[in-house]
Amino acid sequence: MAQNIKIMMLGGVRENGKNMYAVQVDDEIFIMDAGLKYPDSSMLGIDVVIPDLDFFKEYGDRIAGIFLTHGHDDAIGALPYILRNHDIPVFGSKLTIELAKIAVQRENKRRKNNLFHVIDADTEIDFKNASVSFFKTTHSLPDSLGIDLSTKEGEIVYTGDFKFDPSAKEGYRTDFVRLSEISQKGVLALLSDSTNAEAVFPNDRQSSIQNYILNTFNNHEGRIIVASKASNIVRIQEIFQAAAATGRHVYLTGRDIGKIVYTAMKLGYLDVPKDLLVHSKDLKKIPDNELVILETGRMGEPLKSLQKMATNRHRLIKIKKGDMVFIATTPSHSVETMVAQTSDMIYRAGGTVKQLGRERHTSGHATGRDLQILIDTMKPKFLIPAIGEYRLLELHKNLAVEVGMDPKDVYLTKNGDVLKLEKGRFYLSDPVPGEDTMIDGSGVGDVGNIVLRDREVLSDDGVFIAAVTIDRKKKKIVSEPLVSTRGFVYIKTNHELMNGAVDAIKEAIANNFEHKRFDWTELKQDVRNSVEKFLYKQTGRRPVVLPVVMEVNQNRHRAMVKRNELHKAKEEIKDKNARPNRSQTSNTTSSKNQRPHKKANNKQNHSKDNLAQKKA
């Protein structure tokens with residue numbers, strides 16, 4: 001009985017990064033890579049972007065495991081967010097698993113190490129419906145692997161990031177014998193790297209790159225600041241070797257570089273000469289011509305850190321006259337503008353810039369010629385170009401046609417597409433979640449397209465706040481509306497505009513009271529629309545208008561009035577009792593004065609009577 005096979009594109013097609021693909025064989029799902037991508041300039045405030053996590057909510061109970069090809073962020077960066085809520089086994093080479101643990105610990109301190117399993121190129125894992133094996137590939141990390149999923153219908157091969165370099169050192173070499181063995185089994189589908197499909201010239205040999213870096217270090221007398229990705233182990237090794245050969249020390253700066261370097265050293269993937277690395281406390285003691293600063297930046301992206309150095313905002317390093325910034329990585333097309341801006345800042349600070357990618361053809365990805373060699377070696381029945389923007393997928397298809405493949409056997413897909421095998425061919429089936437999940441700070445997926453659109457509007461035209469207090473029973477405005485703005489106009493020089501906005505608010509509220517039944521939402525919307533129209537008519541701009549409408553609390557107001565009146569009455573009574581009027585005071589005084597006279601008269605009369613009685 002034929003197996004039910006589906007190939008799902010969860011991320012990584014028609015984009016740069018965020019690689020994640022899935023193959024379903026009957027009721028088991030095998031995930032290949034789980035990466036992230038860095039946001040472009042339109043994603044304001046977003047830190048990173050990962051695949052749609054709703055896929056794991058819907059299909060999590062069917063997932064047999066996540067299989068990693070290498071340890072770059074575009075292959076492992078989404079793991080911390082997936083493993084927060086799903087206990088899924090993760091498989092990868094020794095270095096890849098260690099880098100994955102570092103990534104998970106960075107975002108989730110309570111990492112689950114029991115989920116990680118170390119495999120190598122000789123490992124084969126049997127599952128209920130399929131078996132998974134691996135093969136060595138050449139990339140900028142040692143022990144990078146491709147994945148072979150063996151099914152009854154044929155082999156499904158995923159290359160991950162790869163290139164061909166016959167001069168590569170041990171640990172970086174492609175296993176061509178293993179590729180030939182897989183080919184003989186019959187490759188049903190090949191998911192192949194398209195990142196460098198438009199490259200016309202072949203990649204330079206690794207030995208040539210090493211000599212170029214050594215010459216660069218020899219020819220500069222001042223301090224050298226090297227910008228590289230933290231996980232580009234082969235480049236870091238070349239930097240260390242060149243520094244040691246020219247009598248320089250290396251200082252590591254960057255959030256991840258220390259962990260990654262010491263992990264690679266511990267596993268034997270990096271050869272670091274004794275006393276090569278120095279601490280920050282030693283920087284002032286070392287002459288500039290004996291120092292190399294290796295900068296990788298946050299999450300492996302060094303450009304922003306270089307900008308901080310050039311503008312004196314870095315915590316330790318300030319670019320000065322005589323410094324050379326050596327960009328030892330090949331930036332993607334999406335960040336070329338940022339590279340140019342960073343270079344300008346460095347020159348302004350007194351430094352110079354040298355880019356490896358400008359003078360050497362170097363990449364960790366296969367050229368068009370490499371892709372054709374792979375297709376010719378594997379002889380796949382169907383090709384699914386992966387890992388790349390749309391133009392690269394299209395170029396990959398053209399390269400396949402050049403070596404004899406039928407265009408109908410090459411499938412150009414988009415994220416969320418599902419290719420289902422039916423009667424010997426793949427057809428589009430019901431899609432799976434394939435949207436972007438945006439990470440902003442600690443928030444996962446709480447920023448969507450609407451929030452991004454608001455951020456874009458705020459960045460373009462600013463915000464306008466209108467606050468007003470009303471009495472809806474009397475249908476009147478209690479106090480003059482207050483208006484404020486940020487990022488729109490300077491208030492002190494635009495009094496007429498502000499006053500006009502106040503009039504627009506009053507008019508909108510008056511019209512609402514007169515012609516409509518009271519409704520909070522509708523009243524706010526009327527104020528917003530009225531202010532937006534007025535501001536656009538006056539300035540041609542559309543700021544975000546935030547109406548704040550408040551109401552006088554009538555019951556509370558009446559209670560306060562009664563309370564005040566009662567309190568006032570009590571005070572008046574108290575004053576009357578404490579201070580009597582003048583007439584009462586005078587009467588009281590005269591009566592007091594008369595009493596002693598009466599007593600005296602009585603005494604006098606009483607004595608005369610006694611005297612008369614004696615005579616008698």
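- T69 and D33 share a side-chain donor-acceptor pair at under 3.5 Å.
- Between the side chains of D143 and Y269, a donor-acceptor pair is found at a separation under 3.5 Å.
- Within 6.0 Å of atom CG in D430, 12 or fewer heavy atoms from other residues, nucleotides or ligands are found, so the atom counts as exposed in its surroundings.
- A salt bridge links R391 to E198: one of the charged nitrogens lies within less than 4.0 Å of a carboxylate oxygen.
- Annotation: ring-ring contact (aromatic ring centres under 6.0 Å, His included) contacts of F426 (sequence neighbours excluded): F382.
- With no hydrogens or angles considered, a side-chain donor-acceptor pair links S194 and H396 at under 3.5 Å.
- Ring planes of Y21 and Y158: tilted class, angle from 30 to 60°.
- Salt bridge absent: K136 and D120 never bring a charged side-chain N and a carboxylate O closer than 4.0 Å.
- Remark: the backbone N or O of K414 is paired with a side-chain donor or acceptor of D417 at under 3.5 angstrom.
- Checking side-chain atoms of T437 against main-chain N and O of P51 turns up a donor-acceptor pair under 3.5 Å.
- Residues R178 and S133 meet the side-chain proximity criterion, which asks for heavy atoms closer than 4.5 Å.
- Inspection of the S144 and T137 side chains reveals no N or O donor paired with an N or O acceptor under 3.5 Å.
- Using the six-membered ring where Trp is involved, F67 and F127 have ring planes that are perpendicular, over 60° apart on the 30 and 60° scheme.
- Under the 4.5 Å side-chain criterion, counting only non-hydrogen atoms from C-beta, K397 is not in contact with M405.
- Sorted by first and then second residue, the salt bridge (charged side-chain N to carboxylate O under 4.0 Å, His left out) pairs with a member in residues 356-377 read D204-R360; sequence neighbours excluded.
- For H72 and D161, the side-chain atoms include no donor-acceptor pair closer than 3.5 Å.
- Counting only N and O atoms by type, the side chains of E15 and N415 include a donor and acceptor under 3.5 Å apart.
- Salt-bridge formation is not detected for the pair K229/D73: no Lys NZ or Arg NE/NH1/NH2 atom is positioned less than 4.0 Å from an Asp or Glu carboxylate oxygen.
- For the pair I375 and L399, the minimum side-chain heavy-atom distance is 4.5 Å or more.
- Between the side chains of Q307 and Q341, no donor-acceptor pair of N or O atoms lies under 3.5 Å.
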